[in-house]
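Let me begin by presenting the structure, written as structure tokens, before commenting on it.
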Amino acid sequence: MATYGFSVLLITISLVVVTTYATLDADETVEFGYSGAKGPDKWGSLDPKFKVCSDGKAQSPIDIVRNKATPNDKLKALSRDYRSAPATLVNNGFNIAVHFDGSAGTMNVDGKNYSLLQMHWHTPSEHKMDGQQLDAELQLVHKADDGSISCTAILYQVGNGDSFLARIQKKLGDLAKDKCGPNEQAEVDLGELKTNQLRKSTRNYFRYNGSFTAPPCTENVIWFVFGKPKSMSAQQIEALKAPMEAPYKINSRPVQPDNGRVVNLHDVPKKN
């Protein structure tokens, strides 16, 4: 059964996730959208706290052009130690997310551990590969003890079903039954959620410095975008969209200028 709380189509502390970054007080809300008068090109003017959405020089997402990425032999394979943890499926109005209520494990970046806080989906993908926008994207948000943030992005194309999403697909149906009003948030308990499938090794990834992809678009976020797309079924994509109100079923911010940022590539040659 769903429970209801703060703003569904609104930006709050729960959206920003990390209180060490600029956030709004719980009673301050600013509505934003993905089209029209409150769409991505207007975010920077909706509230002074969103100014970096339009003025920032290191915004996300970006279009990753493979042959322009810089191979970096100093980059190591991503070390991710995810584990089962109590979790909640959340309809934030602007996306569908999984929030962890306990320790869901860590990712090590440059010798520093970042705890996995939450994950959420975008349809279609926000990052592009060689100008191509894929069908969906899963973003995993991590925070270190010093407040710094790292995110991983897994891109999906329509194909075979995704085994991780299959675990919560019935719960997505339950979430879709509880329609949110303009000032509500719907939640469904997931119990103990296994996340081990999300730590499978990837042969290559792209790393760059960017931002959150929704207001307030806070910068200084380390991004890792996996080079090999995974697949999910068309039915699963529809299941992700089903709980959302019509204006938010498409919830991808357009790609942003790279402004000369270096995109590093970690690549392990295929074994013969």
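Just so it is clear, the model here is predicted, and its values are computed rather than measured.
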Taking all atoms of both residues into account, what is the closest heavy-atom pair of Trp43 and Lys38, and its distance?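 Taking every non-hydrogen atom into account, NE1-O, 3.3 Å.
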Can Ile237 be reached from Leu138 by stepping across I, L, V, M, F, W or Y side chains whose heavy atoms are under 4.5 Å apart?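 Linked, Leu138 and Ile237 end up in one cluster.
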Does any donor atom in the side chain of [X] or [Y] lie under 3.5 Å from an acceptor atom in the other side chain?
X      : Y      : answer
Asn113 : Asn108 : yes
Thr213 : Glu126 : yes
Ser103 : Arg83  : yes
Gln139 : His120 : yes
His127 : Tyr208 : yes

Between [atom1] on residue [X] and [atom2] on residue [Y], distance to nearest 0.5 Å:
X      : Y      : atom1 : atom2 : value
Arg261 : Ser60  : CZ    : OG    : 5.5 Å
Tyr248 : Lys241 : OH    : NZ    : 16.0 Å
His122 : Leu155 : NE2   : CG    : 11.5 Å
Lys170 : Leu89  : NZ    : CG    : 12.0 Å
Cys53  : Asp47  : SG    : CG    : 9.5 Å
Asp162 : Ser233 : CG    : OG    : 8.5 Å

Can you find a heavy atom in the side chain of [X] that is under 4.5 Å from one in the side chain of [Y]?
X      : Y      : answer
Ile222 : Asn209 : yes
Asp55  : Phe50  : no
Gln59  : Ser54  : no
Met107 : Thr152 : yes
Ser150 : Val221 : no

Kindly state whether the ring of Phe94 and the ring of Phe32 have centres lying under 6.0 angstrom apart.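 Phe94 vs Phe32: aromatic centres under 6.0 Å.
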According to the interplanar angle, ranging from 0 to 90°, do the rings of His142 and Tyr82 count as parallel (below 30°), tilted (30 to 60°) or perpendicular (above 60°)?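 Aromatic pair His142/Tyr82 classed parallel.
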Residues Tyr205, Phe226; criterion ring pair (Phe, Tyr, Trp, His ring centres under 6.0 Å); working and verdict: CA-CA 4 Å; Tyr205 65 78; Phe226 293 174; 7.2 Å; no
Treating Ser125 as the side-chain partner and Glu137 as the backbone partner, does any N or O pair qualify as donor plus acceptor under 3.5 Å?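 The answer is no, because no donor-acceptor pair under 3.5 Å joins these two groups.
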Hey, are Arg66 and Asp267 close enough for a salt bridge, meaning a charged N less than 4.0 Å from a carboxylate O?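 A salt bridge is absent here (no side-chain N lies under 4.0 Å from a carboxylate O).
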Val158, Leu240, Asp135, Thr123 screened by side chain to side chain contact (heavy atoms under 4.5 Å, CB included) with Met232, the one that passes: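 Of Val158, Leu240, Asp135, Thr123, side chain to side chain contact (heavy atoms under 4.5 Å, CB included) with Met232 is met by Leu240 alone.
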Run the salt bridge (Lys or Arg N to Asp or Glu O under 4.0 Å) test on Asp146 and Lys112 for me, step by step, so that the C-alpha distance in whole Å, both residues' side-chain angles and the decisive distance to 0.1 Å come before the verdict. CA-CA 10 Å; Asp146 64 4; Lys112 183 190 300 184; 2.8 Å; yes
